[in-house]
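See structure below.
Note: hydrogens, waters and symmetry copies are ignored here, and every other heavy atom, side chains too, is used. Numbering starts at 1 and runs along the sequence shown.
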Amino acid sequence: MKRLLPPLAALALLGAAPAADTPVASPEPGLRLRLERANRTYRDLAPDLGTVTEGDLSLHLTSPRHAVTVRDHLLRLEPGAGDSHAAELTLTFEGTGWLVADVTMGGVTRRLEDDVQIPRQTKTLEGRAKVARVQGGYRITPEQLPRRVEVAVRSGVGDSLLDLCASTALVPGFAMDCSGVERAVRNVTIELPDPGEVVLVPEGTLTREERRLLDDYLRRTAARPAAG
């Protein structure tokens with residue numbers, strides 16, 4: 001899941017259709033787009049979910065297979081200085097997969113694995129990116145991104161780990177804080193990459209109307225005075 005949100009955030013700037021509940025022409029200076037074309041299923045985006053250590057317990061989580069279905073996108077763009085744009089992306093998604101937990105306590109490692117559910121949820125990401133029309137498409141350079149996003153998950157592995165932690169915490173000599181384990185198995189923390197990676201989006205991935213809307217927005221915002 002680690003690579004789910006950044007590609008969608010980049011795609012959000014371009015793989016878009018007008019919002020069904022708003023006029024085609026957005027009021028100046030911003031743009032509001034419903035991202036129908038980006039609504040699809042993404043598979044096996046991040047098999048390694050990281051390691052959590054709480055006292056005498058070490059927990060390494062992986063998801064060797066999973067499918068995340070994005071149901072809805074809504075993007076708002078507001079112009080800034082030069083070709084920089086403030087962006088707010090709201091997306092609704094859900095999914096399923098397989099979760100593996102390698103648990104180490106007292107030098108002994110055991111493996112737990114089971115189905116994992118990603119319940120339907122909505123997340124909003126705020127950032128800033130430069131967008132430029134180039135030959136054959138669009139160049140997007142993220143300038144600001146959230147450092148991390150938390151995604152709620154539910155699984156039998158998580159329930160088993162919480163039971164194990166609670167039992168172990170009662171054993172004399174074991175240092176254990178189950179609150180950290182609960183956070184790890186209930187909310188997966190997704191670290192986002194640093195800004196600066198350039199994304200090129202070919203114009204062939206957009207319809208003629210989508211290109212018209214985006215080109216019009218870029219022309220309008222380029223003609224505006226620089227923001228203070």
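Scanning all heavy atoms of the two residues, the minimum distance from Pro142 to Ala129 falls at CA-CB, 3.8 Å. Annotation for Gly156 and Asp114: closest pair CA-OD2, 3.4 Å, computed over non-hydrogen atoms. The nearest pair of heavy atoms linking Pro119 to Gln117 is CD-O, 3.4 Å. Nearest heavy atoms, Tyr217 versus Pro79: OH-N, 3.4 Å. For the residue pair Ala101 and Leu59, the shortest heavy atom distance occurs at CB-CD1, 3.7 Å. For Val151 against Lys123, the heavy-atom pair with the smallest separation is CA-CE, 4.5 Å.
Annotation: the span from Thr62 atom OG1 to Glu113 atom CD amounts to 8.5 Å, rounded to 0.5 Å. Considering CD of Glu182 and CG of Asp159, their distance stands at 10.0 Å, rounded to 0.5 Å. One finds the CG atom of Leu57 at 7.5 Å from the CG atom of Leu161 (value rounded to the nearest 0.5 Å). Here Ser155 contributes atom OG and Leu99 contributes atom CG; the two are 5.0 Å apart, rounded to the nearest 0.5 Å. Between the CG atom of Leu200 and the OH atom of Tyr138 there is a distance of 13.0 Å, given to the nearest 0.5 Å. Atom-to-atom distance recorded for Arg71:CZ and Thr92:OG1 is 10.5 Å, nearest 0.5 angstrom.
A salt bridge links Arg111 with Asp102: the distance from a Lys NZ or Arg NE/NH1/NH2 to an Asp or Glu carboxylate oxygen falls below 4.0 Å. Between Arg220 and Asp215 there is no salt bridge, since no side-chain nitrogen of the basic residue lies less than 4.0 Å from a carboxylate oxygen of the acidic one. Salt bridge status for Arg212 with Asp216: absent, with no side-chain N to carboxylate O gap under 4.0 Å. Note on Glu203 versus Arg133: salt bridge recorded, some NZ/NE/NH1/NH2 to OD/OE distance being below 4.0 Å.
One side chain, Ser84 or Arg128, offers a donor N or O that lies under 3.5 Å from an acceptor on the other. Checked by atom type, the side-chain pair Thr104/Thr109 shows a donor-acceptor distance below 3.5 Å.
Aromatic pair His66/Tyr42: ring centres not closer than 6.0 Å.
A side-chain donor-acceptor contact under 3.5 Å links Gln121 to the backbone of Ala152. Between the side chain of Arg154 and the main chain of Arg186, a donor-acceptor pair closer than 3.5 Å is present.
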Thr124 and Glu88: CA distance, side-chain angles, deciding distance, side chain to side chain contact (heavy atoms under 4.5 Å, CB included) verdict: CA-CA 7 Å; Thr124 298; Glu88 179 187 271; 3.5 Å; yes

Evaluation steps, salt bridge (charged side-chain N to carboxylate O under 4.0 Å, His left out), between Asp72 and Arg120: CA-CA 11 Å; Asp72 185 54; Arg120 182 174 292 215; over 6 Å; no

Step-by-step side chain to side chain contact (heavy atoms under 4.5 Å, CB included) determination, His85 to Glu78: CA-CA 6 Å; His85 304 265; Glu78 292 289 341; over 6 Å; no

Side chain to side chain contact (heavy atoms under 4.5 Å, CB included) between Val201 and Ile140, worked out: CA-CA 8 Å; Val201 179; Ile140 305 173; 4.0 Å; yes

Pair Val185-Leu162, side chain to side chain contact (heavy atoms under 4.5 Å, CB included): steps then yes or no: CA-CA 8 Å; Val185 300; Leu162 289 176; 4.2 Å; yes

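Of the residues Val103, Thr53, Asp48, the one that meets the side-chain contact (heavy atoms from CB on, under 4.5 Å) test with His60 is Asp48.
Between Val116 and Trp98, the closest side-chain pair of non-hydrogen atoms is not below 4.5 Å. Side chains of Glu126 and Gln144 form no contact here, defined as non-hydrogen atoms less than 4.5 Å apart. Contact annotation: the side chain of Ser63 never approaches that of Val100 to less than 4.5 Å [non-hydrogen atoms, C-beta and beyond]. The side-chain heavy atoms of Asn39 and His73, taken from C-beta on, include a pair separated by under 4.5 Å.
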